[in-house]
2 protein chains.
Amino acid sequence: MSEGVEWALHTCLNLTWVEDDRAVPAAMLAAFYELPPAYLNKQLQALVRAGILTSTSGPRGGFRLARRPEEITVLDVVVAIEGPQEAFACTEILRQGPGGEPGVDYRKTCVISQTMRQAELTWRRELAGRTLADLRATVEERFPAAPGQTRRRLADARA
Amino acid sequence: MSEGVEWALHTCLNLTWVEDDRAVPAAMLAAFYELPPAYLNKQLQALVRAGILTSTSGPRGGFRLARRPEEITVLDVVVAIEGPQEAFACTEILRQGPGGEPGVDYRKTCVISQTMRQAELTWRRELAGRTLADLRATVEERFPAAPGQTRRRLADARA
DNA sequence: GATATGTTACTCGGATATTTAATGTCCGAGTCTACTGGG
DNA sequence: CCCAGTAGACTCGGACATTAAATATCCGAGTAACATATC
C-alpha cells in the first residue's frame with residue numbers, strides 16, 4: 001500500500017483541528033512532518049478530486065476539509081489515494097483452464113475470488129466505520145496537548 | 001497485491017486433487033491456466049520456502065503439498081507470496097512532527113496506525129479461517145466435475 | 001535373470017533482463033492581496 | 001478620506017525525471033530414471 005495513505009490520513013486528521021474558514025498550504029502541511037512538499041501536494045490533489053478536500057489558489061490559499069469530520073471515513077481517504085479497485089484483482093484464470101467458458105463471470109463464481117473478496121469486504125467495513133471525528137476524539141482523549149499544538153503549528157505565521 | 005497470489009491459490013487448490021505420492025512439474029501446472037511456466041516456477045519456489053510445498057528434482061519430479069489441505073490456510077499462501085509485512089506500513093511520521101520523541105514506538109501508540117492494523121487484523125483472521133480443504137469441499141459441492149477434470153489434466157502423460 | 005554402471009533427459013533453483021508502478025521534482029496558469037495614485 | 005487600478009507574490013495543478021518493485025526469461029546444477037553390459 002502506498003505511503004501516501006499514511007500522509008493523507010495524518011494530514012486530514014490535522015486539518016480537523018484547523019478553523020473552518022482557514023486554508024493551509026501544502027508546504028505548511030508538509031513541513032509538519034518534514035515531508036517532500038511537492039509530492040504531498042500531489043497526494044492532496046487526489047483528495048480534492050475525491051471530494052474530501054477543497055483547494056484555494058493564491059495568497060491565503062491552501063487546503064481545507066470539504067465536509068465535516070463526521071462525514072469523512074478512513075476508507076474514503078484510503079480509496080482516494082489507492083483507487084477504488086480491490087487489492088486482490090481476480091484475473092479470471094479459470095477461463096483459461098479446462099472447462100472454462102467465455103460467458104461466465106468468474107469473479108462471481110470462483111470460490112477463491114469469493115474468499116478474497118469476502119475478506120477484503122470485512123477490511124473495508126472496518127475502515128468505513130471509523131470517521132475522522134472518531135480519530136480526533138480518541139486523540140484528544142489520550143493526548144490532550146495535541147490539538148492545541150497542531151493548531152498552533154498550522155497557524156498562519158503572517159496573522 | 002501481486003498477481004502471483006491468484007496463481008498460487010489456484011495451483012495449491014489443484015494440488016489438493018492430486019494423489020499424495022505424485023509430484024507435478026511447474027510446466028504442467030502452468031499449462032493448466034496457460035501461465036508463463038518460468039514465472040510460475042518462481043512463485044512456487046516462494047511456497048517451498050514457506051513450507052507449503054515440497055519440491056523434487058529430476059524426472060518424475062515437481063511440486064506437491066507439504067502438509068494436508070486442512071493444515072494450509074489461505075493466509076499461509078498469501079503471506080508466502082506477498083511477504084509477512086502488513087499492507088499498511090506505518091513509518092512513524094509522528095516522530096518528525098511537533099512533540100515527537102525518539103524513544104516512543106508510534107506503531108503502537110498512533111491512533112491511525114492502530115486503526116489500520118485493526119482492519120488488517122480482521123482481514124487476516126478471515127483468510128486464516130479458510131483452509132484449502134474448505135475451498136476444495138466448496139468446489140466439489142458446486143462443481144462436481146471439477147476434481148476429476150483437474151486430476152485428469154494433471155495426470156502424468158507418461159503413465 | 002539380477003545387478004552394477006554409465007548415460008540421458010528431466011526438473012528445480014537462482015541469476016539476469018524487461019516492463020510497470022510508485023516516488024520525487026519542476027515550472028507555468030490562475031488568483032488573491034496589498035499597494036499606489038487619483039478623485 | 002475613499003476608491004479604482006495595477007503590480008506582485010503566492011498557491012495549486014499537471015507535466016516531466018527518477019527510483020524501486022513486479023513481471024518475465026534464461027541457463028546451469030543436481031537428480032532420478034533408463035538402457036546397457038556384466039556376472
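Note on naming: letters A, B, ... go to the chains in the order of the sequence lines (proteins, then strands), and numbering restarts at 1 for each one. As a basis for the values below, the full set of heavy atoms in this structure was taken, side chains included, without hydrogen atoms, waters or symmetry mates.
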Check: Can a salt bridge be assigned to the pair Glu101(B) and Arg95(B) using a cut-off of 4.0 Å between side-chain N and carboxylate O?
Finding: no

Check the interface with nucleotides 23-31 of chain D: list each N/O to N/O pair with the protein under 3.5 Å, or write none.
unit_1, atom_1, unit_2, atom_2, d
dT23(D), OP1, Glu3(B), N, 3.4
dT23(D), OP2, Ser2(B), OG, 2.8
dT23(D), OP2, Tyr39(B), OH, 3.3
dT23(D), O5', Tyr39(B), OH, 3.4

Check: Rounded to the nearest Å, what distance is computed from the CG atom of residue Leu29(A) to the P atom of nucleotide dT11(D)?
Finding: 11 Å

Margin query: Nearest whole Å is fine: how far is dA21(C) P from Ile81(A) CD1?
Written below: 18 Å

Notebook entry, point to check: Within 45 degrees of the axis of the six-membered ring of Phe32(B) and under 6.0 Å from its centre: does Arg153(B) put its NZ or CZ there?
Noted result: yes

Checklist line | Between dT23(C) (P) and Leu44(A) (CG): distance, integer Å | finding: 15 Å

Note to self: Main chain of Leu13(A), side chain of Thr16(A): is a donor-acceptor contact present, judged purely on distance under 3.5 Å?
What the structure shows: yes

Margin query: So does Tyr106(B) get a backbone contact from the side chain of Glu92(B), meaning a donor-acceptor N/O pair under 3.5 Å?
Written below: yes

Item checked: Touch class at under 4.0 angstrom, heavy-atom based, for Ala27(B) against every strand present -> nothing

Check: In whole angstrom, what separates Arg64(A)'s CZ from dT11(D)'s C1'?
Finding: 13 Å

Margin query: If the cut-off is 4.0 Å, is Arg49(B) near the phosphate of dG14(C), judged by side-chain N/O to OP1 or OP2?
Written below: yes

Next item on the list: Tell me whether the OP1 or OP2 atom of dG14(C) has a side-chain N or O from Gln45(B) closer than 4.0 Å.
Entry: yes

Notebook entry, point to check: When the distance from CG of Leu35(A) to P of dA22(C) is rounded to whole Å, what number comes out?
Noted result: 19 Å

Next item on the list: Could you check whether Ala23(A) gets within reach of a base, just the sugar-phosphate, or nothing at all, counting any heavy atom under 4.0 Å?
Entry: nothing

Next item on the list: Please report the shortest heavy-atom distance between Leu127(B) and Met116(A), naming the atom on each side.
Entry: CD2-SD, 3.9 Å

Checklist line | Salt-bridge present (Arg67(A), Asp76(A); N to O < 4.0 Å) | finding: yes

Checklist line | Heavy-atom pair with the smallest gap, counting every atom of Pro25(B) and Ala23(B) | finding: CD-O, 4.0 Å

Next item on the list: Would you mind reading off the bend of the helix from dG1(C)-dC39(D) to dG39(C)-dC1(D) from its two end axes, five pairs each, to 10 degrees?
Entry: 10°

Check: Between Gly4(A) and Ile81(A), what is the shortest heavy-atom contact and its length?
Finding: C-CG2, 4.1 Å

Next item on the list: Show your reasoning for whether side chain to side chain contact (heavy atoms under 4.5 Å, CB included) applies to Arg151(B) and Glu19(B).
Entry: CA-CA 9 Å; Arg151(B) 194 175 301 138; Glu19(B) 294 99 271; 3.5 Å; yes

